[in-house]
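One is the number of the first residue; the rest follow in order along the sequence.
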Amino acid sequence: IFLFTSGVILARLLTPSDFGKVAMITAIVGFSSVLVDFGFGSSIINKKSLTKNELSSLFWFNLILGLLITCSVYCTSNFIARFYKIESLAILTKYLSLSYLILSLSIIGNSLLKRKLDFKSLFKIKLGSVIISFVVGVVLAVTGFGVWSLVAKNIVAVVAYVFLVFLYSRWLPSFHFNFSDLKVHFSYSFPIFWNKSLNYIARNLDNLLIGKNFGTSTLGVYNKSYSFLKLPAFNFTLVIHNIMFSHLSRHKDDKSYVTLKFIEMVIIILLILPLPMFILYYQNMFIVRYVFGIQWIEMAPILKYFSLSQNI
């Protein structure tokens with residue numbers, strides 16, 4: 001709810017073009033978040049036993065990977081600006097690149113909390129980072145910083161998230177690194193990495209093409225429509241996925257139990273999600289006008305067809 005509210009408030013303070021610029025950058029460099037994790041998070045949750053040395057080796061590998069990715073994104077910032085033919089995207093990309101280095105610090109602690117099924121702490125971490133970043137974003141938006149308020153919000157959100165992950169997980173790495181500790185994790189994480197990579201490309205190719213051919217405002221409207229649509233669908237299914245993945249990892253040898261729980265999960269999703277999609281289909285104009293404001297009115301027809309496709 002707070003995530004939705006914060007998004008609405010920022011949408012009323014900023015323009016579709018502001019959101020479009022960030023979406024342009026994310027469409028290309030957002031894949032870095034998949035690279036930073038590299039599937040190790042899922043491997044940590046799935047593995048029956050873990051040693052302190054394994055976790056430390058994974059931490060330092062993720063940190064090195066995060067550093068390399070940040071440097072790569074920083075160096076490609078001018079290319080991104082030339083690709084979209086918007087000079088200001090270069091400096092925005094350079095600052096956003098910092099988030100991938102910072103994010104790499106949270107992979108292990110976050111995965112350990114999921115492994116323990118400590119979703120209460122994960123909720124507090126997510127809520128805390130959203131509130132802190134929202135305050136920063138709104139203050140900057142009100143004072144006229146425009147798109148920079150979104151950039152600052154994203155960076156502050158990652159910093160707060162990492163700090164809270166260390167606080168709640170109570171885990172710190174040792175100064176140990178051995179590549180042999182990683183080998184057992186590569187066999188499990190690599191297929192997950194490829195699956196997430198293909199999924200990311202499929203979900204973001206449209207943003208790339210729209211941003212390239214139609215500009216910042218059109219992409220801002222399109223991206224905000226998709227984000228608003230996936231709020232009930234994606235976040236609900238993500239919560240169920242995280243809980244079930246952690247739980248079923250403990251019962252992975254009992255195939256009949258895993259199959260039964262998977263079917264139950266699908267039934268729950270199919271029973272709950274159609275209602276908000278029907279509301280969006282029939283009341284899209286009313287929702288956009290009174291929730292987001294008249295400057296976002298072009299969202300209405302997009303939401304209508306998005307909600308229809310979601311139900312199908």
Are [X] and [Y] in one and the same hydrophobic cluster, where Ile, Leu, Val, Met, Phe, Trp and Tyr link if side-chain heavy atoms are under 4.5 Å apart?
X      : Y      : answer
Leu127 : Ile132 : yes
Tyr161 : Phe119 : yes
Leu50  : Leu172 : yes
Val142 : Val151 : yes
Val165 : Leu98  : no

Got a sec: does the OH of Tyr200 have more than 12 other heavy atoms crowding it under 6.0 Å?
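Atom OH in Tyr200 is crowded, with more than 12 foreign heavy atoms closer than 6.0 Å.
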[atom1]/[X] to [atom2]/[Y] distance, rounded to the nearest 0.5 angstrom?
X      : Y      : atom1 : atom2 : result
Leu96  : Ile25  : CG    : CD1   : 5.0 Å
Leu113 : Ile45  : CG    : CD1   : 10.0 Å
Ser197 : Ile192 : OG    : CD1   : 11.5 Å
Asn78  : Ile91  : CG    : CD1   : 9.5 Å
Ile107 : Leu55  : CD1   : CG    : 13.0 Å
Ser42  : Asn195 : OG    : CG    : 9.5 Å

For [X], side chain to side chain donor-acceptor pair (under 3.5 Å) partners two or more places apart:
X      : result
Ser111 : none
Ser121 : Asp118
Asn223 : none
Thr218 : none

Does any N or O in the side chain of [X] come within less than 3.5 Å of the main-chain N or O of [Y], such that one atom is a donor and the other an acceptor?
X      : Y      : answer
Glu54  : Ile44  : no
Tyr100 : Val29  : yes
Trp296 : Ala11  : yes
Tyr222 : Ile210 : no

Assess whether side chain to side chain contact (heavy atoms under 4.5 Å, CB included) is satisfied between Phe292 and Ile297, documenting all intermediate values.
CA-CA 8 Å; Phe292 292 96; Ile297 202 65; over 6 Å; no
Could you pull out all residues at least two apart from [X] that satisfy side chain to side chain contact (heavy atoms under 4.5 Å, CB included)?
X      : result
Phe83  : Ile28, Leu208, Lys212
Val147 : Asp18, Lys21, Val22, Leu92
Glu298 : Val221

Stepwise side chain to side chain contact (heavy atoms under 4.5 Å, CB included) test for Asn204 and Phe31
CA-CA 9 Å; Asn204 287 274; Phe31 177 67; over 6 Å; no
Indicate the atoms forming the closest heavy-atom contact of [X] with [Y], along with that distance.
X      : Y      : value
Ala152 : Leu140 : CB-CD1, 3.4 Å
Asn207 : Ala27  : CB-CB, 3.9 Å
Gly293 : Arg12  : N-NH2, 3.7 Å
Ser225 : Leu303 : O-CD2, 3.4 Å
Ser99  : Val158 : O-CG1, 3.6 Å
Met24  : Tyr84  : O-OH, 2.9 Å

If you apply the rule side chain to side chain contact (heavy atoms under 4.5 Å, CB included), what do you find for Thr15 with Thr216, and how did you get there?
CA-CA 10 Å; Thr15 67; Thr216 56; over 6 Å; no
Would you say [X] and [Y] make side-chain contact, with heavy atoms under 4.5 Å?
X      : Y      : result
Leu182 : Leu58  : yes
Val291 : Phe286 : no
Arg289 : Ile294 : yes
Ile287 : Phe228 : yes
Val288 : Lys224 : no
Leu150 : Phe19  : yes

Identify which one of Asn110, Leu122, Ile125 satisfies the side-chain contact (heavy atoms from CB on, under 4.5 Å) criterion when paired with Tyr168.
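Filter result, single survivor: Ile125.
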Would you be so kind as to tabulate the donor-acceptor pairs closer than 3.5 Å made by side chains of residues 63-75, with sequence neighbours excluded?
from: Thr70; atom 1: OG1; to: Gly66; atom 2: O; distance (Å): 3.0
from: Thr70; atom 1: OG1; to: Ser97; atom 2: O; distance (Å): 3.0
from: Thr70; atom 1: OG1; to: Leu101; atom 2: N; distance (Å): 3.0
from: Ser72; atom 1: OG; to: Leu68; atom 2: O; distance (Å): 2.8

Once side-chain hydrogen bond (donor to acceptor under 3.5 Å, both in side chains) is applied, what residue pairs with a partner in residues 149-159 remain, sequence neighbours excluded?
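Qualifying pairs: none.
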Sort and list the pairs that fulfil ring pair (Phe, Tyr, Trp, His ring centres under 6.0 Å) and have at least one residue in residues 122-157, not counting sequence neighbours.
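Listed once each, the pairs are Phe2-Phe134, Tyr95-Trp148.
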For residues 174-181, dump all side-chain donor-acceptor pairs below 3.5 Å to protein atoms at least two apart in sequence or in another chain.
from: Ser174; atom 1: OG; to: Ser56; atom 2: OG; distance (Å): 2.9
from: His176; atom 1: NE2; to: Asp181; atom 2: OD2; distance (Å): 2.9
from: Asn178; atom 1: OD1; to: Ser180; atom 2: N; distance (Å): 3.0
from: Asn178; atom 1: OD1; to: Ser180; atom 2: OG; distance (Å): 2.7
from: Asp181; atom 1: OD2; to: Ser57; atom 2: OG; distance (Å): 2.8

Mind checking what makes salt bridge (charged side-chain N to carboxylate O under 4.0 Å, His left out) contact with Lys94, not counting sequence neighbours?
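Per chain and number, Lys94 pairs via salt bridge (charged side-chain N to carboxylate O under 4.0 Å, His left out) with no residue.
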